[in-house]
Engineer: 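Quick one: structure below, then a few questions.
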There are 2 protein chains.
Amino acid sequence: MQSGPDHLMPIAAVERETGLPKDTLRVWERRYGFPQPDRDASGDRLYPEAQVAQLRVVKRLMDRGLRPGRLLKLDAAALQALAEEGAGEAPPRSALHDLALFLLKTHQAAELRRELTQVLMRDGVKRFVLDTVAPLTVQVGDAWTRGELQVYEEHLLTEVLQAVLRQAIAQLGASAGPPRILMTTLPDERHGLGLLMAEAMATLEGAQCVSLGTQTPLRDIVAAAIAQKADVVALSISANASAAQVGESVRLLRAQLPGAVALWCGGAGAARLKRAAKGIQALGGLDQVSAALDRWRAQHVAARG
Amino acid sequence: MQSGPDHLMPIAAVERETGLPKDTLRVWERRYGFPQPDRDASGDRLYPEAQVAQLRVVKRLMDRGLRPGRLLKLDAAALQALAEEGAGEAPPRSALHDLALFLLKTHQAAELRRELTQVLMRDGVKRFVLDTVAPLTVQVGDAWTRGELQVYEEHLLTEVLQAVLRQAIAQLGASAGPPRILMTTLPDERHGLGLLMAEAMATLEGAQCVSLGTQTPLRDIVAAAIAQKADVVALSISANASAAQVGESVRLLRAQLPGAVALWCGGAGAARLKRAAKGIQALGGLDQVSAALDRWRAQHVAARG
DNA sequence: GATTGCATATTGTCCTAGACAAAATGTTGA
DNA sequence: TCAACATTTTGTCTAGGACAATATGCAATC
């Protein structure tokens with residue numbers, strides 16, 4: 001992050017940095033009076049770092065379901081208070097997390113990977129996912145909100161974590177039994193880390209996972225579910241996706257999948273699904289994967305036995 | 001890819017699909033009369049698949065350095081001819097490539113990875129990179145141009161290839177000696193595959209590579225080069241990046257790096273660097289990594305001896 | 001009380017047409 | 001052959017309006 005209290009960014013940079021489209025930034029300025037960037041000699045917007053920081057907080061709160069109409073009337077202090085209030089349980093900040101963030105900022109990807117692999121070996125897959133990976137992603141999200149982390153540094157961490165998790169999954173895969181779970185995300189979802197964590201948890205519990213990766217078109221999900229004779233289709237839904245779009249997609253998917261195939265949704269975005277329609281099961285967290293599997297097996301043994 | 005001869009896409013979808021910003025699409029229509037999309041009831045643009053296909057070809061040719069002013073006057077046939085002419089050596093289409101594309105389209109990532117790893121074991125790292133990975137990326141680029149591959153499918157292949165290459169590099173790393181090479185990309189470069197191929201080649205030749213991953217800010221490259229006591233800084237530059245931006249960045253980097261540190265540039269974008277300024281060495285292809293290393297070692301032994 | 005239906009408010013994205021600075025190209029002179 | 005300058009090309013930005021999709025508030029019903 002460039003320092004200097006009066007560091008100014010053009011609108012395209014703000015779009016990259018915050019993920020808010022240029023059109024949206026302009027219309028917010030017109031409607032709500034915020035952000036209110038400076039202008040250069042030819043009238044182009046130049047956003048002070050402070051406003052960009054506030055926009056990051058706004059983005060974060062919107063991902064939790066709050067709406068811009070309210071947020072953009074608040075000043076920086078009120079916004080900050082709201083963010084901290086809603087943050088829920090203070091994330092346990094460990095020495096490992098600090099080390100990871102440091103390695104990330106100094107681009108020592110290989111070192112970071114080695115460190116994480118070591119933790120994985122020491123704690124085992126389950127504890128690694130629940131106590132290290134999941135909190136780390138939260139920490140990194142917070143660090144991004146505070147402007148301490150570049151977007152590409154977040155990408156780098158994601159890459160490293162994915163590599164470590166894949167390696168872990170590959171070493172588990174041998175003893176796989178039912179149910180067969182088809183894991184993927186919806187077409188506009190680009191976050192694959194949650195998916196991978198879920199895959200690790202499920203594989204650990206002895207399920208047989210087949211991952212299609214991210215951004216699979218609905219028709220392909222359906223086709224693969226049938227071709228692979230999946231018992232369960234599991235979707236990972238991040239906080240980014242618009243609730244409406246997701247709801248529609250999930251409903252459509254449920255309609256097109258064979259009735260016998262269960263549909264599980266996890267991730268921050270899954271919590272925002274209205275009342276989960278029948279035939280759609282929302283998992284509140286990674287720790288519920290195990291319970292969901294137990295339930296499925298109980299029902300299935302009963303049905304078959 | 002949705003079929004149907006009259007499949008229509010809104011402008012946002014075209015942006016996603018082609019990588020051409022909405023603003024650019026609109027100004028091209030105003031200036032050159034192409035593309036000329038249909039309109040829906042409320043006047044919003046709807047692009048027929050044929051025009052999107054042509055836009056993909058235009059994008060491809062622009063990455064080779066051609067300018068839109070010329071390209072957009074041509075009709076589909078002329079454009080196609082130009083594309084095939086410039087394509088140079090026909091890429092050797094092997095059975096493996098067809099298999100890889102098939103596995104990609106059916107989302108069988110794990111299977112694909114297994115297949116590629118097998119080829120890697122059979123052929124060795126050098127032949128794997130030169131004969132399999134590099135041609136495969138070309139094939140995939142072509143397939144994208146023809147609209148046969150979704151963007152996310154390209155991402156998926158990239159991920160798989162990166163995983164396989166990383167694994168290969170990790171197993172080579174033991175016997176590393178001079179020169180120490182710091183490998184990375186410029187800040188706006190998001191393609192990391194070329195970097196990884198280069199790293200594999202260099203590691204294979206006994207060099208000691210330290211990778212910073214993609215999108216490293218200039219200051220961080222300089223800082224890392226000094227901290228790591230690098231002999232060489234190697235940049236991977238894809239066809240996407242604007243030649244001017246790249247030129248400026250490279251010049252700046254050269255100025256800030258210690259004089260004793262060599263600066264190597266590779267990738268399709270490196271070829272477009274004007275006359276390479278003194279102190280900047282452009283590598284024309286992956287097969288030149290080995291020669292560049294030999295040269296460096298010869299000079300360095302001579303200087304020291 | 002919980003759910004459904006409908007009116008209202010909010011919100012993101014798209015539109016037009018103009019402007020301008022940065023980059024590429026062409027031209028001139030050493 | 002190279003540098004300096006003029007011209008054209010090109011991408012990105014601006015303003016203010018519009019509209020459809022979504023969320024919210026409220027009434028009516030099971």
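Below, all heavy atoms of this structure are taken into account, side chains as well, without hydrogens, waters or symmetry copies. Letters go in sequence order (proteins before strands), and every chain restarts at 1.
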Engineer: Can you tell me the distance, in whole Å, between the CG atom of B/Asp44 and the P atom of D/dG17?
Structural biologist: 18 Å
Engineer: Write down the distance between CD (B/Glu29) and P (D/dT10), rounded to a whole number of angstrom.
Structural biologist: 17 Å
Engineer: Side-chain N or O of A/Tyr32 less than 4.0 angstrom from OP1 or OP2 on C/dT11?
Structural biologist: yes
Engineer: Closer to the 5' end of DNA chain C via nearest nucleotide, is it A/Thr24 or A/Lys73?
Structural biologist: A/Lys73
Engineer: With respect to the side chain of B/Arg30, which nucleotide from D/dG11, C/dG18, D/dG17 is positioned closest?
Structural biologist: C/dG18
Engineer: Roughly what angle, to 10°, lies between the helix axis at the start of the helix from C/dT10-D/dA21 to C/dA30-D/dT1 and the one at its end, five pairs per end?
Structural biologist: 30°
Engineer: Does A/Pro21 reach a base, just sugar-phosphate, or nothing at all? Heavy atoms under 4.0 Å.
Structural biologist: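 A/Pro21: backbone/sugar contact only, no base atoms under 4.0 Å.
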Engineer: If you look at every strand shown and take non-hydrogen atoms under 4.0 Å, does A/Arg31 touch a base, only sugar-phosphate, or nothing?
Structural biologist: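 It contacts base atoms.
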Engineer: If the threshold is 4.0 Å, N to carboxylate O, is there a salt bridge linking B/Asp40 and B/Arg45?
Structural biologist: no
Engineer: Considering only C/dC14, D/dG11, C/dG12, which nucleotide approaches the side chain of A/Trp28 most closely?
Structural biologist: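 Of C/dC14, D/dG11, C/dG12, C/dG12 is nearest to the side chain of A/Trp28.
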Engineer: Flag the pair B/Arg26 and B/Glu15 as a salt bridge only when some basic side-chain nitrogen lies within less than 4.0 angstrom of an acidic carboxylate oxygen.
Structural biologist: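 No, B/Arg26 and B/Glu15 are not salt-bridged.
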Engineer: Could A/Arg39 and A/Glu29 be called an ion pair, given the rule that one side-chain N must be under 4.0 Å from one carboxylate O?
Structural biologist: yes
Engineer: Name the residue closer to the 5' end of DNA chain D, choosing between B/Pro68 and B/Ser42 according to the nucleotide with the nearest heavy atom.
Structural biologist: B/Pro68
Engineer: Would you kindly give the CG-to-P distance between A/Leu71 and C/dT10, to the nearest whole Å?
Structural biologist: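 The answer, rounded to whole Å, is 14 Å.
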Engineer: Reckon A/Asp23 touches a base, only the sugar-phosphate, or nothing at all at heavy-atom distances under 4.0 Å?
Structural biologist: base
Engineer: On a heavy-atom basis, which atom in A/Leu193 and which in A/Thr158 lie closest, and how many Å separate them?
Structural biologist: CD1-O, 4.4 Å
Engineer: Rounded to whole Å, please give me the gap between CZ in B/Arg39 and C1' in D/dA18.
Structural biologist: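 Distance check: B/Arg39 CZ to D/dA18 C1' gives 14 Å.
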Engineer: Distance check needed: C/dC20 P versus A/Asp40 CG, whole Å only.
Structural biologist: 12 Å
Engineer: Rounded to the Å, how far apart are A/Glu15 CD and C/dG12 P?
Structural biologist: 14 Å
Engineer: One thing to verify: whether B/Asp23 and A/Lys22 come together as a salt bridge, which I'm taking to mean a side-chain N less than 4.0 angstrom from a carboxylate O.
Structural biologist: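 Salt bridge absent between A/Lys22 and B/Asp23.
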Engineer: Atom CZ of A/Arg45 to atom P of D/dT14: distance rounded to whole Å?
Structural biologist: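 The answer, rounded to whole Å, is 4 Å.
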Engineer: Could A/Lys59 and A/Glu17 be called an ion pair, given the rule that one side-chain N must be under 4.0 Å from one carboxylate O?
Structural biologist: no
Engineer: Please check the phosphate of D/dC13 (OP1 and OP2 only) for any side-chain N or O of A/Lys22 closer than 4.0 Å.
Structural biologist: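 Indeed, a polar side-chain atom of A/Lys22 lies that close.
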Engineer: Report the distance from atom CZ of A/Arg26 to atom P of D/dT14, rounded to the nearest whole Å.
Structural biologist: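 So the two atoms are 5 Å apart, to the nearest Å.
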Engineer: Output yes when at least one side-chain N/O atom of B/Arg67 is less than 4.0 Å from OP1 or OP2 of C/dA24, else no.
Structural biologist: no
Engineer: To check you understand the geometry: which heavy-atom pair defines the closest contact between B/Trp144 and B/Val151, and what is its length?
Structural biologist: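 For B/Trp144 versus B/Val151, the nearest heavy atoms are NE1-CG2, 4.0 Å.
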Engineer: Would you say A/Glu189's side chain and A/His191's backbone share a donor-acceptor pair under 3.5 angstrom?
Structural biologist: yes
Engineer: Which comes earlier along DNA chain C counting from the 5' end, the contact point of B/Arg70 or that of B/Ile11, where each point is its nearest nucleotide?
Structural biologist: B/Ile11
